[in-house]
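The structure appears below as structure tokens.
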Amino acid sequence: MSEAVEHQVDSVAENTPVDVMSPVQSATPSGLSTPSNKADRDDGKEYGEDGEEFEAVAEIPKKPASAYITVSIMCIMIAFGGFVFGWDTGTISGFVAQTDFLRRFGQKHHDGSHYLSKVRMGLVVSIFNIGCAIGGIILSKAGDMYGRKMGLIIVVVIYVVGIIIQIASVKAWYQYFIGRIISGMGVGGIAVLSPMLISEVSPKHLRGTLVSCYQLMITLGIFLGYCTNYGTKNYSNSVQWRVPLGLCFAWAIFMIGGMTKVPESPRYLIEKGLVEEAKRSIALSNKVGVDDPAVMTEVENLQSGVEAERLAGNASWGELFSTNTKIFQRLIMGCMLQSLQQLTGDNYFFYYGTTVFKAVGMEDSFETSIVLGIVNFASTFVGIFLVERYGRRTCLLWGAATMTACMVVFASVGVTRLWPNGKDNGSSKGAGNCMICFTCFYLFCFATTWAPIPFVVNSETFPLRVKSKCMSVAQACNWLWGFLIGFFTPFISGAIDFYYGYVFMGCLCFSYFYVFLFIPETKGLSLEEVNTMWEEGVLPWKSAEWVPPSRRGAEYNAEDMAKDDKPLFKRMFGRK
């Protein structure tokens, strides 16, 4: 019993918030009892390889990629929740152009043709995002109460209820509208719990890649949604939209079945006192034995963090505004990152792709949507590689810069060359092809950087006690901006046409500077090490050089990571 008490005291000391233990104190020799002479974070190197003897911390060993096939498949099954969201995004963009959908839920022109007013179209498309925001904040609590797996099953069932209401709609557009709100609530819960569970069960050196699979599933859903719309567009009845909606039941059954095969979050299990189950979860994810010393070390680290959180009391919503432990700073960063993901302009193409490309003279805009879906899906595979190869921060910076260039060309050609003889006198085929080409370039840049990485960063930034709350609020910002863009795009496009692209260009420029100044690099760190880095106040542009306490040498100075006297332009463009 005495050993357990000593362990709890040590745990609290290691996890004491920054207002109790300063960065200087945390770097004292007591925190350097297992030093390394290498002050870097290269996952491909082992510390102490020069022969110097020291008491090493047992870490879970890396294995060949083939050893992680099982955990990768399990994480992909968890990430399938992203497919559900992508499917909605891909299908709704076609529904608003389907003849039967317009006849049932639209209004009539004087000539008898049916249409959706800008208000009704905006609401039908974007209200889904409001449901997602509500569901993300309210339903994500199920992950804390019943476990991540059971929480995902609960929100999938709620999603199915919304789909049933939509399919049962006959002529009342507001019934379809209500169904989209309810299904959106389910997807909002999925969007919080899926990345959270993946980040907590995946090996740390694969965490970024496996969380990015959530975005891969989104792009797959968008692509197959486009294909389904194309396959049903020649029907003249409700098959056009009821078949794509009906397929949602298959995705829900697959999701629920998959949850029975994946491990529960070891952090959640430790919090509930289920230590043996936590050991099995860690061992399964990392392909090692349950009694491996590295598993025991991981369990002890998790126990120390959980114990410190218990001593601090139950997490409240007010704690999200704590600046001493950097929770509020992290929450602002997460909200900004998720908001800026929407403000890159991606949903301008995804929600209204068929409408946009009719404007540039495409005879069959459904075919164009399929091409964009293929580009988006295939590019995400590149993003999965890049996120662990170059890190989160570098990819976000490059993504913002390249998307800015693409959006400038897209908007400029649309404004100056698309309609050489006026908007009502035909469009230029060459200009239209150029715009589609740069849309593909834009989607490649987005899918490889800003599409997956915000989910990765948010899933690994927050401490366990407030994780679901912070992730749900950050994700709610994403949904809120998705609603605003989805609802107002028909009005804005109708008023300023392709000048709209310049709005997104400005947001992308802002994104570049925001990432440089506020987003730290978390590649190669455990979730506990990410928390320590935040508490030590490491400057984002120095975060790639930060070394966790367990790997520091005697010459390492943690204070240097928290200050920089260089002018801003030298920090951004100067050489190290």
Side-chain angles (χ1 to χ4, degrees), residues 76-102 104-105 124-125 127-129 131-132 135 152-170 173 175-191 194 213-261 347 350-351 353-354 366-367 369-374 376-377 380:
I76 288 173
M77 294 174 75
I78 302 169
F80 192 78
F83 181 94
V84 175
F85 169 52
W87 181 263
D88 179 87
T89 302
T91 53
I92 193 62
S93 66
F95 288 176
V96 296
Q98 300 281 25
T99 55
D100 186 75
F101 192 89
L102 294 175
R104 288 174 182 269
F105 305 120
V124 166
V125 170
I127 198 62
F128 183 81
N129 292 276
C132 289
L152 277 167
I153 292 173
I154 291 171
V155 295
V156 170
V157 170
I158 292 173
Y159 166 75
V160 169
V161 172
I163 294 299
I164 291 173
I165 294 174
Q166 291 178 64
I167 289 181
S169 302
V170 178
W173 75 273
Q175 180 181 344
Y176 187 86
F177 176 84
I178 292 171
R180 279 187 63 75
I181 295 177
I182 295 174
S183 62
M185 290 175 65
V187 171
I190 292 172
S194 280
C213 288
Y214 178 79
Q215 177 63 27
L216 177 67
M217 289 294 105
I218 291 177
T219 60
L220 178 60
I222 292 173
F223 168 58
L224 293 182
Y226 285 158
C227 292
T228 304
N229 281 341
Y230 183 75
T232 60
K233 70 184 180 71
N234 292 325
Y235 288 88
S236 58
N237 54 20
S238 63
V239 168
Q240 289 180 331
W241 55 277
R242 280 193 170 127
V243 166
L245 282 175
L247 287 172
C248 294
F249 294 112
W251 316 143
I253 291 171
F254 180 84
M255 184 78 183
I256 292 173
M259 288 304 99
T260 64
K261 303 296 183 183
N347 280 338
F350 292 145
Y351 286 157
T354 54
F366 284 93
E367 291 181 357
S369 295
I370 292 176
V371 173
L372 297 183
I374 293 173
N376 189 35
F377 176 57
T380 306

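Residue numbers count from 1 along this sequence. Side-chain atoms are counted along with the backbone in the values below, which use heavy atoms only and exclude waters and symmetry mates. Predicted model only: the values in this text are computed from it and were never measured.
Between F377 and F223, the ring planes lie parallel to each other; the angle is under 30°, not in the 30° to 60° tilted range. Relative ring orientation between F177 and W173 is described as perpendicular, the plane-to-plane angle rising above 60° on a 0-90° scale split at 30° and 60°.
In this structure the side chain of R180 never reaches within 4.5 angstrom of the side chain of I165, judged on heavy atoms. With a 4.5 Å cut-off on side-chain heavy atoms, K233 and T99 do not count as touching. The closest side-chain heavy-atom distance from L245 to Y176 is below 4.5 Å. Between Q98 and N229, the closest side-chain pair of non-hydrogen atoms falls below 4.5 Å. Side-chain contact between V124 and I92 is present, with heavy atoms from C-beta onward closer than 4.5 Å. With contacts defined as side-chain heavy-atom distances shorter than 4.5 Å, the pair I164/F249 qualifies. Here the side chains of F85 and F128 are in contact, with some heavy-atom distance below 4.5 Å.
The distance from atom OG1 of T219 to atom CZ of F83, rounded to the nearest 0.5 Å, is 10.0 Å. Going from atom CD1 of I222 over to atom CG of D88 covers 10.0 Å, rounded to the nearest 0.5 Å. Summarising the geometry, atom OG1 belonging to T232 is positioned 10.0 Å from atom CG belonging to N237; distances are rounded to the nearest 0.5 Å. Separation of atoms CG (L102) and CD (Q240) is listed at 8.5 Å; rounding is to 0.5 Å. Atom CD1 of residue I256 and atom CD1 of residue I154 lie 10.5 Å apart, to the nearest 0.5 angstrom. Taking OG from S169 and CH2 from W241, the interatomic distance works out to 5.5 Å, rounded to the nearest 0.5 Å.
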(request) Tell me, with the steps shown, if M185 and C132 meet side chain to side chain contact (heavy atoms under 4.5 Å, CB included). (result) CA-CA 4 Å; M185 290 175 65; C132 289; over 6 Å; no

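Here F95 and F105 keep their ring centres 6.0 angstrom or further from each other.
Taking every heavy atom of both residues into account, R104 and S238 meet most closely at NH2-CB, 3.7 Å. In plain terms, the two heavy atoms of G81 and M255 that are nearest each other are N-SD, 3.4 Å. Across every non-hydrogen atom of F80 and W251, the tightest pair is CE2-O, 3.6 Å. The nearest pair of heavy atoms linking I78 to S194 is O-OG, 3.1 Å.
At distances below 3.5 Å, not a single donor-acceptor pair connects side-chain atoms of T380 with backbone N or O atoms of L216. Remark: side-chain polar atoms of W87 are paired, donor with acceptor, to backbone N or O of P244 under 3.5 angstrom.
For the pair D100 and R242, the salt-bridge criterion is not met [side-chain N within less than 4.0 Å of a carboxylate O].
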